[in-house]
2 protein chains.
Amino acid sequence: MRLTDSDLLRDLDKPEFAAVRAAFVPRRFLKGRQVFAPREVQNSLFIVAKGRARVYLSYKDKEFTMAILDVGDVYTTHTRASVEALDDLTILTAELAAVRRFLADMPALTSSMVKVLGDLLSHAFSVIDGLAFLDVRKRLIQLLLYEAERASADAEHILCFSHGLNIEQLATIVGSSRQTVSSLLNVLERDGIIEMRARGVICLPDLARLEALARE
Amino acid sequence: MRLTDSDLLRDLDKPEFAAVRAAFVPRRFLKGRQVFAPREVQNSLFIVAKGRARVYLSYKDKEFTMAILDVGDVYTTHTRASVEALDDLTILTAELAAVRRFLADMPALTSSMVKVLGDLLSHAFSVIDGLAFLDVRKRLIQLLLYEAERASADAEHILCFSHGLNIEQLATIVGSSRQTVSSLLNVLERDGIIEMRARGVICLPDLARLEALARE
DNA sequence: GCACGTTTGTCGGCAATCTGACAGACACGC
DNA sequence: GCGTGTCTGTCAGATTGCCGACAAACGTGC
């Protein structure tokens with residue numbers, strides 16, 4: 001899930017970013033470990049360098065996944081979200097106060113930061129839009145279409161993507177229950193629109209129909 | 001609805017902000033007029049100087065209110081949200097590109113900007129949290145408690161606030177239908193927890209009970 | 001004061017979804 | 001290959017909330 005098209009990870013390798021690069025500390029986490037708790041005291045910025053992370057809100061025994069972060073994605077702590085490592089994870093993290101000190105001298109960094117925050121806000125708007133207006137089925141279809149953009153074609157030219165998540169985790173992204181998402185996926189499969197080729201792998205044999213469903 | 005505790009409006013009156021202050025153009029709108037359309041081509045920042053504005057998402061014939069902006073609130077266009085004037089409205093608006101040119105020389109402005117964007121993101125998280133986890137009743141109660149913080153006490157020391165909205169508009173904030181919100185408000189009134197004293201005016205004779213309901 | 005438009009309260013039917021439960025399928029470690 | 005734990009599919013009943021409809025109440029302009 002690429003939340004921002006700004007490439008802070010690559011920017012940090014540029015010579016003019018060398019000073020602020022030193023403020024970013026690599027940290028590693030094993031799959032499944034919590035990376036940040038809600039309301040971390042220290043307001044930090046982090047970039048995914050390797051692996052994937054899940055940003056989620058929790059309430060009682062329920063969770064809602066805000067985002068799955070891929071390599072290059074940037075996020076901030078000091079929100080009410082938790083972050084966990086979906087795979088073995090490496091992040092570069094810096095305290096926001098430290099980064100702020102460089103903003104005055106590095107317009108490119110400032111531009112990047114404002115862009116990143118803007119993109120995060122834009123993503124949050126998308127999430128709200130889906131929750132407010134779309135039913136679960138439509139939200140699921142939207143998620144599938146989003147993933148289709150980064151899917152690769154198999155030997156038979158069918159788009160497939162490996163999300164590596166179980167149904168319950170997909171349900172937390174869509175904002176629904178496991179049973180509902182399971183049921184909806186199976187309807188889509190029986191209709192020939194998707195194919196659940198293996199656990200964590202979905203193929204899209206009929207992308208056009210999926211797109212048509214999204215437009216209804 | 002104060003989304004940010006940073007006071008950009010007052011900052012702009014300081015001598016060190018004089019240069020960027022010139023980039024902000026006052027614009028006036030009559031009550032009910034559209035201020036910005038979704039995906040405005042020009043990415044702008046605006047501050048409410050007088051009156052109130054509503055930021056909302058729309059889809060088919062439905063609307064979801066992201067925020068009601070009061071004096072001092074800052075927002076950005078180039079999102080998928082529309083903005084309309086709830087009252088006769090004056091805003092100060094500047095193109096983001098113009099503001100960006102001052103960021104390098106004005107660390108205080110950068111700080112303000114990053115803070116504002118951070119606060120907007122935080123507010124968006126709150127909205128998502130409510131939609132994902134809370135039922136309509138709980139969301140309504142949360143809204144009432146939020147408004148209670150800026151309510152004033154009447155002659156009998158009861159907290160009252162004038163939201164100036166009709167039930168349908170309240171429903172767009174809560175993310176529900178007019179009928180459901182109307183019904184819920186009337187239950188709360190019959191239980192003695194709120195009092196709908198006049199159209200657009202709600203009093204809270206039993207704030208403690210309202211708070212207890214929010215915690216259930 | 002009256003007419004009219006808007007707002008509000010209420011109802012009943014329907015759809016969407018949740019939830020707990022259970023059995024079958026699958027993956028992994030020994 | 002077997003045992004075990006996890007995942008998945010499916011079911012039925014309960015819950016939540018939407019939606020269209022209609023009547024009453026209210027506010028505004030003449």
Side-chain angles (χ1 to χ4, degrees), chain A residues 31-32 58-65 86-87 130-144 162-191 193-203 213 216, chain B residues 30-32 58-65 86-87 130-143 162-191 193-203 213 216:
Chain A
K31 178 176 178 175
S58 46
Y59 176 74
K60 298 186 177 174
D61 59 335
K62 307 203 300 184
E63 289 177 356
F64 180 78
T65 299
L86 270 188
D87 309 312
L131 288 174
F133 297 128
L134 306 182
D135 59 20
V136 175
R137 177 168 168 274
K138 281 249 170 58
R139 295 204 295 274
L140 178 62
I141 288 169
Q142 249 195 352
L143 174 64
L144 293 173
S162 301
H163 53 83
L165 308 173
N166 62 35
I167 307 277
E168 181 138 21
Q169 287 167 322
L170 284 183
T172 65
I173 298 176
V174 168
S176 179
S177 69
R178 177 192 68 76
Q179 293 91 328
T180 301
V181 170
S182 177
S183 173
L184 289 168
L185 283 171
N186 280 280
V187 169
L188 289 173
E189 187 174 41
R190 280 199 289 275
D191 288 347
I193 298 170
I194 68 169
E195 176 195 341
M196 292 190 282
R197 186 157 292 182
R199 289 188 176 180
V201 180
I202 297 185
C203 297
L213 290 185
E216 282 177 3
Chain B
L30 288 181
K31 177 173 176 175
S58 48
Y59 176 75
K60 298 185 179 176
D61 60 334
K62 306 202 303 185
E63 291 176 358
F64 179 78
T65 299
L86 271 188
D87 310 312
L131 289 173
F133 297 127
L134 306 182
D135 59 20
V136 176
R137 179 168 165 274
K138 280 252 173 50
R139 297 205 292 277
L140 178 61
I141 288 169
Q142 250 196 349
L143 175 63
S162 302
H163 52 83
L165 308 173
N166 63 34
I167 307 279
E168 181 136 21
Q169 285 167 322
L170 284 182
T172 66
I173 297 174
V174 167
S176 178
S177 69
R178 176 191 70 75
Q179 292 92 332
T180 301
V181 169
S182 175
S183 174
L184 289 167
L185 283 171
N186 279 281
V187 170
L188 288 172
E189 186 173 42
R190 281 200 288 273
D191 288 347
I193 297 169
I194 69 169
E195 176 195 343
M196 290 188 280
R197 188 159 293 180
R199 289 189 175 180
V201 180
I202 299 185
C203 297
L213 290 184
E216 284 175 4

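Remember, it's a predicted structure, so these values are computed and weren't measured experimentally. Excluded from the calculations below are hydrogen atoms, water molecules and symmetry mates; all remaining heavy atoms, backbone and side chain alike, are included. Naming: A, B, ... by sequence-line order, numbering from 1 per chain.
- Per the geometry, CG belonging to A:N166 stands 11 Å off P belonging to D:dG9, to the nearest Å.
- Counting heavy atoms from C-beta outward, A:V174 and A:L170 have side chains that stay 4.5 Å or more apart.
- With a 4.5 Å cut-off on side-chain heavy atoms, A:L134 and B:Y59 count as touching.
- A:R139 and A:G130 make their closest contact through CD-O, 3.4 Å (heavy atoms, listed as atom of the first residue, atom of the second, distance).
- As a whole-Å value, the separation of B:I167 CD1 from D:dG27 P is 13 Å.
- Rounded to an integer number of Å, the gap from CG of B:L131 to C1' of D:dC18 is 16 Å.
- Distances shorter than 4.0 Å separate none of the side-chain N or O atoms of B:S182 from OP1 or OP2 on C:dT8.
- Heavy atoms of B:R137 sit nowhere under 4.0 angstrom from any nucleic acid atom.
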field: Under 4.0 Å protein heavy-atom contact, by nucleotide of nucleotides 18-26 of chain C - B base, S sugar-phosphate only
entry: SBBB---BS

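- The CG atom of B:L134 sits 10 Å away from the P atom of D:dG17 (whole-angstrom rounding).
- No side-chain heavy atom of B:T65 sits less than 4.5 Å from a side-chain heavy atom of B:Q169.
- Separating the CD1 atom in A:I167 from the OG atom in A:S177 is a distance of 11.5 Å, to the nearest 0.5 Å.
- Atom CD1 in B:I202 sits about 10 Å away from atom P in C:dT8, given to the nearest Å.
- Between B:R137 and B:L140, every side-chain heavy-atom pair lies at or beyond the 4.5 Å cut-off.
- Minimum heavy-atom separation, B:L213 to B:I193: CD1-CD1, 3.5 Å.
- Closest of all the heavy-atom pairs between B:E189 and B:M196 is OE2-N, 2.8 Å.
- Considering every non-hydrogen atom in both A:S162 and A:V201, the closest pair reads OG-CG2, 3.8 Å.
- Here the closest non-hydrogen pair linking A:F64 and A:T172 is CD1-O, 3.4 Å.
- The interatomic distance linking A:L185 (CG) with D:dT8 (C1') rounds to 11 Å, in whole Å.
- B:I173 places a side-chain heavy atom less than 4.5 Å from the side chain of B:L165.
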Show each protein N/O and nucleotides 28-30 of chain D N/O combination with a separation under 3.5 Å, one pair to a line.
none

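- Each end of the helix from C:dG1-D:dC30 to C:dC30-D:dG1 gets its own axis, taken as the rotation carrying the C1' atoms of four end pairs onto the next four within a five-pair window, and the two axes meet at 50° to the nearest 10 degrees.
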